[in-house]
Amino acid sequence: MNKNGPLSLPFIKLYAITFLFFSANPILNIIVPLRSEAQGASNAEIGVMMGAYMITSMLFRPWAGSIVHRFGPLSVLRALLLANGLILILYTISGLQWYFALRAMQGVTTAFFSLSLQLGIVDKLAHHDRSQGISLYLLAGMLPTVIGPILALTLWDWGGMNAFTTSMIVIALVTGILGFKAPLPSGSQVTQDEQQQASSMTSQLRQLWTHRAFLVCSTAMLIASVSFGAVTTFIALYTKQSGVGHAGIYLMLQAGVMVFCRFALRKKVPSDGQWHPRFLVGLLLSMAVGLQLLALAVYGGASFMYAGSMLIGLGMALLYPHLVTYLTIVLPLSSRNTLIGVFIAVSDLGSVLGNIVMGTIADHLSYSYMYGICAGLLLTSVAIVLISGRRLAIRSE
């Protein structure tokens with residue numbers, strides 16, 4: 001095993017820190033709504049409260065990328081872990097009136113954490129290993145969502161507030177202790193020349209509209225996230241309304257495929273800085289076919305639905321690590337971290353739009369039509385990759 005590779009001990013420690021940091025989220029996603037309802041909150045209030053996490057995380061990602069580049073991943077990680085520990089403990093002693101603020105602040109710490117870890121991994125790995133490192137980071141962040149909800153309900157039923165308080169304190173302390181000495185770059189990565197080139201975030205953000213690779217990758221990620229967000233949010237309602245399949249089985253299959261692919265296929269994700277349109281189109285087509293099978297499940301039965309879940313899981317599992325790895329190599333170093341932050345924010349925005357826009361479409365048409373529209377959007381992204389990405393392919397040759 002390569003002592004400096006993505007499966008070496010220092011990187012395993014980073015994945016463990018990631019797992020611990022995100023392990024609080026699925027517990028909070030169960031317990032906070034339960035406590036809020038018990039204290040008299042309406043469904044609308046709970047929805048706004050829970051959504052504050054994603055909104056602030058999305059808005060702060062570009063700024064987080066710039067801060068990480070300026071002060072170094074480890075320095076930023078230490079500060080945010082202290083803040084995160086305080087927030088988790090405040091959940092245990094605060095009432096309903098503080099939940100919105102705590103969710104918003106937790107979104108900010110998540111924005112900084114994800115940029116610190118991902119960019120730290122990128123900086124410590126050679127180009128050919130970056131996609132593996134990003135895939136394993138994503139896997140570590142995803143695993144808590146598989147076991148967290150069941151654990152949260154078990155804790156709540158067994159010990160109520162005492163168990164919840166204990167779990168938050170343990171997660172805060174262990175994550176802080178392990179993360180304080182994380183094997184990440186500790187100092188600023190900004191040279192004097194780069195400071196002159198990137199004197200402000202505004203100058204860096206101008207490249208949003210001029211860097212073709214960023215535009216093509218962000219467009220593909222946005223459309224994929226819209227579709228994936230619509231799937232995960234409305235699959236339970238779709239199965240209930242149509243009477244086809246079981247949402248739990250669907251989500252288990254989809255998550256299982258994503259976990260398997262991010263580990264078993266991590267070496268198959270291109271990590272050479274070259275433009276690979278066939279690989280990217282294959283992933284987008286996998287999702288498009290999966291969405292269309294999901295849309296046709298009302299006619300074809302549960303087999304269509306479950307086949308669609310696996311195709312969607314396959315596409316989404318490898319799409320993000322491929323695109324973000326490619327961008328870390330081709331973006332200018334002076335603005336790379338900020339633009340990567342924007343790229344991740346675009347992915348978050350897609351999830352939000354998948355909830356709001358696609359939910360509205362489902363209200364006016366049907367869930368089946370809505371998933372069919374998502375499939376059409378993914379085919380549009382395929383066309384964008386093939387047409388707009390031609391110059392990138394020429395440049396890579």
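Predicted model, so just to flag it, every value in this text is computed and none were measured.
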note = Distance col, row S309:OG vs M258:CE, nearest 0.5 angstrom, shows 11.5 Å
message = Take a 6.0 Å sphere around CZ of F260 and say whether it holds more than 12 heavy atoms from other residues, nucleotides or ligands.
response = no
inquiry  = Is it the case that the side chain of S167 and the backbone of F164 share a donor-acceptor pair, with hydrogens and angles ignored and the cut-off at 3.5 Å?
reply    = yes
query = Do F180 and V76 share a hydrophobic cluster, counting only Ile, Leu, Val, Met, Phe, Trp and Tyr and linking them when any side-chain heavy atoms are less than 4.5 Å apart?
reply = no
query = Can L82 be reached from V174 by stepping across I, L, V, M, F, W or Y side chains whose heavy atoms are under 4.5 Å apart?
reply = no
note = L136 and P6 have their tightest heavy-atom pair at CD1-O, 3.7 Å
ask   = Can you tell if the side chain of Y99 reaches within under 4.5 Å of the side chain of Q39, non-hydrogen atoms only?
value = yes
ask   = If every non-hydrogen atom of L291 is compared with every non-hydrogen atom of A375, which pair is closest and at what distance?
value = CB-CB, 3.9 Å
inquiry  = Whether the side chain of S286 engages the backbone of L314 through a donor-acceptor N/O pair (distance < 3.5 Å, no angle test) should be reported.
reply    = no
key: Residue pair V342 / R61, side-chain heavy-atom distance below 4.5 Å   = no
ask   = Minimum heavy-atom separation for Y15 to G133, with atom names?
value = OH-CA, 3.7 Å
query = Is there a path of hydrophobic side-chain contacts, each under 4.5 Å between heavy atoms of I, L, V, M, F, W or Y residues, that connects L353 with Y369?
reply = yes
task = Classify the angle between the aromatic ring planes of W63 and F112 as parallel (below 30°), tilted (30 to 60°) or perpendicular (above 60°).
result = perpendicular
query = Taking side chain as C-beta onward, heavy atoms only, is H322 less than 4.5 Å from L280?
reply = yes
ask   = Do the two ring centres, one from F304 and one from Y299, sit under 6.0 Å apart?
value = no
message = For the residue pair R266 and F263, would you count it as a cation-pi contact if the rule is NZ or CZ under 6.0 angstrom from the ring centre and within 45 degrees of the ring axis?
response = yes
key: L378 versus A224, closest heavy-atom pair with distance   = CD2-CA, 4.0 Å
ask   = Going through the distances and angles, do C374 and F228 end up as a side chain to side chain contact (heavy atoms under 4.5 Å, CB included)?
value = CA-CA 9 Å; C374 289; F228 191 72; over 6 Å; no
query = When clusters are formed by joining ILVMFWY residues with side-chain heavy atoms under 4.5 Å apart, either directly or through shared neighbours, do I249 and V257 land in the same one?
reply = yes
request  = Starting from the C-alpha separation in whole Å, work towards a yes-or-no answer on side chain to side chain contact (heavy atoms under 4.5 Å, CB included) for M358 and I361.
outcome  = CA-CA 5 Å; M358 291 302 159; I361 290 174; 3.8 Å; yes
key: Minimum side-chain heavy-atom gap Q132-V269 below 4.5 Å   = no
key: Heavy-atom closest pair, residues P183 and P10   = CG-O, 3.2 Å
request  = In sequence, state the C-alpha distance, the side-chain angles, and the governing distance for Y137 and F11, and then conclude on ring pair (Phe, Tyr, Trp, His ring centres under 6.0 Å).
outcome  = CA-CA 9 Å; Y137 161 83; F11 284 94; over 10 Å; no
inquiry  = Using side-chain heavy atoms (C-beta onward) and a distance below 4.5 Å, is Y53 in contact with F100?
reply    = no
inquiry  = We want to know whether S225 and S347 form a side-chain donor-acceptor pair, criterion being a heavy-atom distance below 3.5 angstrom.
reply    = yes
ask   = Just how far is it from atom CG of D348 to atom CG of L222, taken to the nearest 0.5 Å?
value = 11.0 Å
inquiry  = Within this structure, what is the CD-CG distance for the pair Q254 and L294, rounded to the nearest 0.5 Å?
reply    = 9.0 Å
inquiry  = Counting C-beta onward and ignoring hydrogens, is there a side-chain heavy-atom pair between S242 and Y367 closer than 4.5 Å?
reply    = no
Gap between atom CE of M370 and atom NE2 of H364 - 0.5 Å precision = 13.5 Å
key: Polar side-chain atom of S75 near backbone of G72 as donor-acceptor pair, under 3.5 Å   = no
key: Expected output: side-chain Y371 to main-chain A230 donor-acceptor under 3.5 Å   = yes
ask   = When rounded to the nearest 0.5 angstrom, what distance separates CG in L117 from OG in S114?
value = 8.5 Å
ask   = Which is it for H276 and Y326 under the side chain to side chain contact (heavy atoms under 4.5 Å, CB included) test, yes or no, and what are the steps along the way?
value = CA-CA 9 Å; H276 294 272; Y326 173 71; over 6 Å; no
key: Main-chain N/O of I223 paired to S227 side chain as donor or acceptor, under 3.5 Å   = yes
Reported CG-to-OG1 distance for the pair L20 and T175, which is rounded to 0.5 angstrom = 4.5 Å
key: Centroid-centroid under 6.0 Å between W98 and Y91 rings   = no
inquiry  = With heavy-atom distances below 4.5 Å as the criterion, would you say the side chains of Y306 and H246 are in contact?
reply    = yes
request  = Kindly indicate, with the supporting measurements, whether the criterion side chain to side chain contact (heavy atoms under 4.5 Å, CB included) is fulfilled by K181 and K13.
outcome  = CA-CA 10 Å; K181 293 186 178 180; K13 183 176 181 180; 4.1 Å; yes
inquiry  = Please determine whether residues I169 and I93 belong to a single hydrophobic cluster, defined as Ile, Leu, Val, Met, Phe, Trp and Tyr linked transitively by side-chain heavy-atom distances below 4.5 Å.
reply    = no
message = In the structure I gave you, are the side-chain heavy atoms of I171 and F21 within less than 4.5 Å of one another anywhere?
response = no
message = Tell me whether R262 contacts the main-chain N or O of L139 through its side chain, where contact means a donor paired with an acceptor under 3.5 Å.
response = no
request  = Work out which heavy atom in T56 is nearest to a heavy atom in V108; give both atom names and the distance.
outcome  = OG1-N, 3.8 Å
